[in-house]
Amino acid sequence: MNAQDLLNSILQLAVQGKLVEHREEEGTAKELLEKIEEEKKKLIKEKVIKRPKNLPEISDDEIQFDIPESWEWTRLETVSYSIGNKSNQIKQSEILQDGKYPVVSQSMNRIEGYSNEGSKLLKVQPLSVIVFGDHSKTIKLIDFDFIIGADGTKIMVPISLNPDYLYYVLSYNVINMRDRGYSRHFQFLKEKLVPLPPLEEQKRIVAKIEELIPYVEKYDKAYSEVEKVNKKFPEDMQKSILQYAIRGKLVEQREEEGTAEELYQQIQEEKKKLVKEGKIRKEKPLQEVTEDDISFEIPESWKWVSIGQVCSNVMYGTSKKSSKEGKIAVLRMGNLQGGKIDYSDLVYSSDDGDIEKYKLDKNDLLFNRTNSRDLVGKTAIYKKELPAIYAGYLVRLTPVKVISDYINYVMQSDYYWRYCQTVRSDAIGQSNINAEKLKRFVFPLPPLEEQKRIVAKIEELLPYNKKLINII
C-alpha cells in the first residue's frame, strides 16, 4: 500500500461514517438539509442564485454503501451552487505572473496566476470553494475573497456546509470516478451523491483527517525509501553474485582441476602457435602484472592476469557507413545491452573486404570503446546467432583457452566498471577507452574447469534475481 492508497482508505472511512464517533447532541443531517433549504430560498430571493431545477429522487441503486442513521444521502447540487460563467473567465493566454487578482484553473496548482481584469471578478461567499474542471478531475480549496476563473473552470460554493468536508468527500468521489470523457466530469459530479453528516460531525471528521495527514506524509517518505531499496536490491544482489564470483567465493576450488598458472602457460604456448600459423599477429611485449595491480585476495590456485595476456585479435571495427539492407549484419554499440547482444535494431554491409576482415567468430568478446561516461566499456559475447561484423566504436577480442562468458561476467562487475571510470578519456559529450587501456585491465583468472563452474553457477542464480525484479 502506497501513501495515496493509505489516504484513500482514510477518506473511505470518513465518508462511510467510520472515522469518528457519532454524537446525538450534534443533531441530524436531516435537520441540516432543512437549514440548507432555507438558506437556498434566501439566496434565491436575494438573486445570488437562480431557482434550481427539480432533482431526481435518490434511488436505492445509486447508494453504494451504508451510512450512519444520523446521516443523509444528498446530491451535490442540493448542498452547493456554482458561480461564474464565460463572462467571468479569462483565457489561459491572458493569465499573468503578477497582478491584483488570483486566477483559479483546472490545474493542480492552488492558483494559476493573476489578472488585473476587475470586470471579471467573482466575490466568494463563503471564502472556501470547490474548483472542478470540465476536462479534468481536479478538486481543490480556494480561500480568497475575490477570484477570477480560467477558461473551463467550475466553482462550487457549499451552502451551510464545512467546505473542507465537502472537499474531502469530492476528492474521494473523484479518486473512484472513471473517465467520463470531454466536458462530462463536472456534470457527473454535480449529480453525484454525497454522504452528509451533521455539521459539527463534519468538522470533527475534517480535524481527524488533518490529524492523520502528517502521518500519511511520513509514511509516504518511508514508503519511498523502501521502494528505492526494493528497486536497488536486485541490482545489488547481482553485483554481490559477480563480486563473489571474481573473488573465488561462489564455487569451491578443486585441486584436481589444476592451477591458473598452468592454464596461463598453456595460453602463452597457444598464442605462440597461432602466431607461427599466421592466424594472429605477433604482439608487442606486455607489461607484467605487479603488486600495485592487485586489488583483493584470490584463491592460491588463481592468478592475476591482464586482458592482453589471455586474449588475441584485439582490433577496432569497420569505419565504413552501414545500410538498412546488405549481405551481413553490422553490430554497433547500441546492440550491446546488459552483457548480451540485442539483434532488434540492425544495419548491414555488403563490402566484401570488410566482411573478410571484420567477420566475428563464436565467443568473440565485443567491447564498446566510445560512449557516454556511464556506458563506455560495456561488453557482450557474440554467440554466432547470425553472421555479423562489427562497427568502429567496438573492439573485438578473442579469448585464448579462457571461457568468454567468464571474462564477460568479470566485465559486468563493479570491479571492472571502477577500472573503466579510472582510465576513460573524456571529451565533449562522450568518453573513450582505447584498446591499449583495455589490454591493461587486470583480473583474477581461475583454472579452466572452475571458470565453467563459475559461469554455470552465475547463470543458475541470475534468473532468480530477475524474478525478484519482477516481483518488486
Side-chain angles (χ1 to χ4, degrees), residues 226 228-264 267 289-307 309-311 336-341 363 365-368 374-375 377-381 383 397 399-423 438 440-472:
V226 171
K228 287 179 186 176
V229 171
N230 285 343
K231 287 176 181 176
K232 202 167 180 291
F233 177 69
E235 179 185 336
D236 288 344
M237 178 174 278
Q238 178 167 325
K239 288 178 181 178
S240 297
I241 291 169
L242 297 178
Q243 194 73 356
Y244 268 73
I246 66 173
R247 288 173 180 262
K249 297 179 179 180
L250 195 62
V251 301
E252 78 281 5
Q253 284 73 53
R254 297 175 182 174
E255 191 174 347
E256 66 270 19
E257 291 177 349
T259 67
E261 179 62 41
E262 293 168 347
L263 174 60
Y264 178 77
I267 292 168
V289 177
T290 67
E291 289 290 329
D292 293 337
D293 296 314
I294 296 173
S295 302
F296 48 83
E297 291 184 2
I298 56 175
E300 288 185 13
S301 58
W302 289 31
K303 180 180 176 66
W304 286 97
V305 298
S306 68
I307 284 289
Q309 289 173 332
V310 297
C311 293
L336 276 58
Q337 298 292 337
K340 299 183 182 297
I341 294 177
N363 291 324
L365 181 69
L366 291 173
F367 168 88
N368 183 196
D374 293 333
L375 295 177
K378 63 179 179 174
T379 63
I381 298 291
K383 293 292 186 179
L397 52 153
V400 179
K401 288 188 172 293
V402 179
I403 305 299
S404 294
D405 292 287
Y406 171 74
I407 297 180
N408 192 35
Y409 282 127
V410 171
M411 289 179 158
Q412 309 306 311
S413 70
D414 267 0
Y415 167 69
Y416 166 76
W417 283 109
R418 285 195 296 272
Y419 175 79
C420 289
Q421 297 306 307
T422 302
V423 301
L438 170 61
R440 279 295 305 145
F441 172 60
V442 173
F443 70 99
L445 181 73
L448 187 62
E449 292 303 314
E450 190 171 342
Q451 291 176 42
K452 295 177 184 177
R453 290 189 291 110
I454 289 171
V455 168
K457 179 57 72 172
I458 291 173
E459 292 179 350
E460 176 190 334
L461 295 174
L462 288 186
Y464 293 106
N465 200 55
K466 289 178 182 177
K467 285 182 181 177
L468 273 175
I469 293 172
N470 294 331
I471 291 169
I472 291 171

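- Counting heavy atoms from C-beta outward, Ile241 and Gln412 have side chains that stay 4.5 Å or more apart.
- Remark: the backbone N or O of Asp414 is not paired with any side-chain donor or acceptor of Gln243 at under 3.5 angstrom.
- Judged by distance alone, the side chain of Glu450 and the main-chain N or O of Pro447 form no donor-acceptor pair under 3.5 Å.
- The nearest pair of heavy atoms linking Ile267 to Val400 is CG1-O, 3.3 Å.
- Within 6.0 Å of CD in Glu291 there are 12 or fewer heavy atoms belonging to other residues, nucleotides or ligands.
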TODO: Let me see the working for Ile307 and Ile407 under side chain to side chain contact (heavy atoms under 4.5 Å, CB included), right down to the final yes or no.
DONE: CA-CA 9 Å; Ile307 284 289; Ile407 297 180; 3.9 Å; yes

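- Once rounded to the nearest 0.5 Å, the distance linking OG1 of Thr379 with CG of Leu438 reads 9.5 Å.
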Task: Worked verdict on Arg440 versus Tyr419 for side chain to side chain contact (heavy atoms under 4.5 Å, CB included) - done: CA-CA 10 Å; Arg440 279 295 305 145; Tyr419 175 79; 3.6 Å; yes

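- Looking at heavy atoms from C-beta onward, Lys383 lies out of side-chain contact with Ile341 at the 4.5 angstrom threshold.
- Asp293 places none of its side-chain heavy atoms less than 4.5 Å from the side chain of Trp304.
- For Tyr416 and Phe443, the ring centers are positioned 6.0 Å apart or more.
- Contact between Ser301 and Gln253 at its shortest, heavy atoms only, is OG-CG, 3.8 Å.
- A distance of 9.5 Å separates NZ in Lys452 from CD in Glu257, rounded to the nearest 0.5 Å.
- Between Gly377 and Trp417, the shortest heavy-atom contact is C-CH2, 3.8 Å.
- Taking Lys457 as the reference, Leu250, Val251, Glu460, Leu461 meet the side chain to side chain contact (heavy atoms under 4.5 Å, CB included) condition, with sequence neighbours excluded.
- Residue-environment remark: CD (Glu252) exceeds the threshold of 12 foreign heavy atoms within 6.0 Å.
- Put simply, the side chain of Leu445 does not reach to within 4.5 Å of the side chain of Gln309, judged on heavy atoms.
- Enclosure of atom OH in Tyr264 by more than 12 non-hydrogen atoms of other residues, nucleotides or ligands within 6.0 angstrom is indicated.
- Ring pair Trp302/Tyr406 is perpendicular by interplanar angle, where above 60° counts as perpendicular and below 30° as parallel.
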TODO: Any chance you could lay out the side-chain hydrogen bond (donor to acceptor under 3.5 Å, both in side chains) test for Tyr409 and Glu459, step after step, and finish with the verdict?
DONE: CA-CA 10 Å; Tyr409 282 127; Glu459 292 179 350; 3.1 Å; yes

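- Taking SG of Cys420 as the reference point, atom CG of Asp374 lies at 11.5 Å (rounded to 0.5 Å).
- Looking at Ile454 and Pro446, their side chains come closer than 4.5 Å, going by heavy atoms from C-beta outward.
- Between the Asn363 side chain and the Pro399 main chain, no donor and acceptor come within less than 3.5 Å of each other.
- How far CD of Glu255 is from CD of Glu300: 10.5 Å, rounded to the nearest 0.5 Å.
- Summarising the geometry, atom OG belonging to Ser404 is positioned 10.5 Å from atom CE belonging to Met411; distances are rounded to the nearest 0.5 Å.
- Taking CG of Asn368 as the reference point, atom CG of Leu336 lies at 6.5 Å (rounded to 0.5 Å).
- Contact check for Ile246 versus Phe296: side-chain heavy atoms found under the 4.5 Å cut-off.
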